[in-house]
K.L.:
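Below is the structure I would like to discuss, written out as structure tokens.
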There are 2 protein chains.
Amino acid sequence: MDTNVISAEIIAMEEAALTRWGNGDPSGFLEISAPDIVYFDPYIPRRIDGLGALSEYYETIRGQIHIDRFELLNPNVQVTGDMAVLTFNYTSYKDNQPTRWNCTEVYRRTDGRWQIVQTHWSYTEVYKYQMNA
Amino acid sequence: MDTNVISAEIIAMEEAALTRWGNGDPSGFLEISAPDIVYFDPYIPRRIDGLGALSEYYETIRGQIHIDRFELLNPNVQVTGDMAVLTFNYTSYKDNQPTRWNCTEVYRRTDGRWQIVQTHWSYTEVYKYQMNA
């Protein structure tokens with residue numbers, strides 16, 4: 001399959017999951033994540049391993065995230081065989097306040113279906129944010 | 001090739017590059033990075049694209065990083081064909097002060113040689129750190 005077609009499919013999957021995420025629904029991501037997914041975000045003490053553990057984590061925040069809009073910026077997809085590495089910058093807005101993120105999603109194709117096997121979210125220029133323990 | 005053999009090779013490459021990094025030498029990473037590498041860390045305003053841009057960035061910090069020791073914790077490698085996703089937690093120590101990181105490295109094999117195509121570094125439990133703009 002053409003790399004451009006794969007790139008477009010993967011970016012569309014990510015945007016659809018992000019839209020649900022911004023309405024408090026983490027299932028958009030869970031439904032396209034593989035059993036062996038590994039996961040990082042800025043709030044967890046160590047990598048989360050596996051869809052079971054990630055589901056437990058996401059259930060604790062279901063319904064709590066509400067953003068007004070988001071921008072998925074400059075997406076890049078590196079395709080090699082049955083793996084594709086999607087990277088982008090991302091800005092979410094709530095009450096016109098932007099929060100800026102770096103994101104890496106690795107997708108793997110199994111039986112023709114793309115699933116996320118690695119997710120990594122982090123703050124862009126983190127030193128500009130006020131962090132409170 | 002056996003997945004365990006690939007995993008061991010990739011973890012050894014990463015450890016060797018990290019050892020040089022901790023002595024102020026970014027070339028350990030540059031020498032194993034692919035031309036199309038994409039890169040995130042907490043300090044840059046957007047993703048860095050390409051080995052040329054990453055080299056320029058790393059030259060600005062050459063000789064400035066000195067850590068006493070580091071721990072590469074719980075490395076995991078997901079291999080699919082010619083791509084391998086290495087994730088780990090990492091703690092560096094300087095004057096007994098730990099700094100804790102999340103890391104994702106995606107390696108790609110070209111002509112039998114593994115190279116990094118995606119690097120993403122971020123702070124673990126970032127809210128525990130005092131950030132100053």
K.L.:
With a 4.5 Å limit on heavy-atom distance, are the side chains of A:Asn89 and B:Arg47 in contact?
P.N.:
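Yes, their side chains come closer than 4.5 Å.
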
K.L.:
With a 4.5 angstrom heavy-atom cut-off, is it the side chain or the backbone of A:Val106 that approaches chain B, or both, or neither?
P.N.:
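For A:Val106, side-chain heavy atoms alone lie under 4.5 Å from chain B.
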
K.L.:
If you round to the nearest 0.5 Å, how far is CH2 of A:Trp121 from CG of B:Asn102?
P.N.:
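Reported value, rounded in 0.5 Å steps: 14.5 Å.
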
K.L.:
If you round to the nearest 0.5 Å, how far is OG of A:Ser122 from CZ of B:Phe40?
P.N.:
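Spacing of CZ (B:Phe40) from OG (A:Ser122) equals 7.0 Å.
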
K.L.:
Are B:Ile48 and A:Val126 in one and the same hydrophobic cluster, where Ile, Leu, Val, Met, Phe, Trp and Tyr link if side-chain heavy atoms are under 4.5 Å apart?
P.N.:
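Linked, B:Ile48 and A:Val126 end up in one cluster.
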
K.L.:
Tell me if the CZ atom of A:Arg46 is crowded by more than 12 foreign heavy atoms within 6.0 Å.
P.N.:
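At most 12 heavy atoms, drawn from other residues, nucleotides or ligands, come within 6.0 Å of this atom.
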
K.L.:
Let me confirm one number: the CD1-OG1 distance from B:Ile44 to A:Thr124, rounded to the nearest 0.5 Å.
P.N.:
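So the CD1 of B:Ile44 and the OG1 of A:Thr124 are separated by 8.0 Å.
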
K.L.:
With a 4.5 angstrom heavy-atom cut-off, is it the side chain or the backbone of B:Asp36 that approaches chain A, or both, or neither?
P.N.:
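Both parts, backbone and side chain.
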
K.L.:
Is there a path from A:Leu86 to A:Trp114 through hydrophobic residues (I, L, V, M, F, W, Y) whose side chains come within less than 4.5 Å of each other?
P.N.:
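Yes; A:Trp114 is reachable from A:Leu86 via cluster members.
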
K.L.:
Is the shortest heavy-atom distance from the side chain of A:Pro42 to the side chain of B:Glu125 under 4.5 Å?
P.N.:
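With C-beta onward as the side chain, the pair stays apart.
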
K.L.:
Shared ILVMFWY cluster between B:Val117 and B:Leu30, side chains joined below 4.5 angstrom?
P.N.:
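In one cluster: no.
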
K.L.:
Please round to the nearest 0.5 Å and tell me the distance separating atom NZ of B:Lys128 and atom OH of A:Tyr43.
P.N.:
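The OH atom of A:Tyr43 is 13.5 Å from NZ of B:Lys128, to the nearest 0.5 Å.
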
K.L.:
Same cluster for A:Ile10 and B:Val38 if Ile/Leu/Val/Met/Phe/Trp/Tyr side chains link at under 4.5 Å?
P.N.:
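As far as the 4.5 Å side-chain criterion goes, B:Val38 and A:Ile10 are not connected within one cluster.
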
K.L.:
So which residue, B:Arg100, B:Gln118, B:Arg108, ends up with the most heavy-atom pairs under 4.5 Å with chain A?
P.N.:
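Sorted descending by pairs with chain A, the first entry is B:Gln118.
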
K.L.:
Taking a hydrophobic cluster as the set of Ile, Leu, Val, Met, Phe, Trp and Tyr residues connected by side-chain heavy atoms closer than 4.5 Å, whether directly or through intermediates, do B:Trp21 and B:Ile11 fall within one such cluster?
P.N.:
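Linked within one cluster.
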
K.L.:
Suppose a student defines contact as a heavy atom less than 4.5 Å from any heavy atom of chain B. Which residues in residues 70-85 of chain A would they list?
P.N.:
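Interface residues of residues 70-85 of chain A: A:Asn74, A:Pro75, A:Asn76, A:Gln78, A:Thr80, A:Asp82, A:Met83, A:Val85.
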
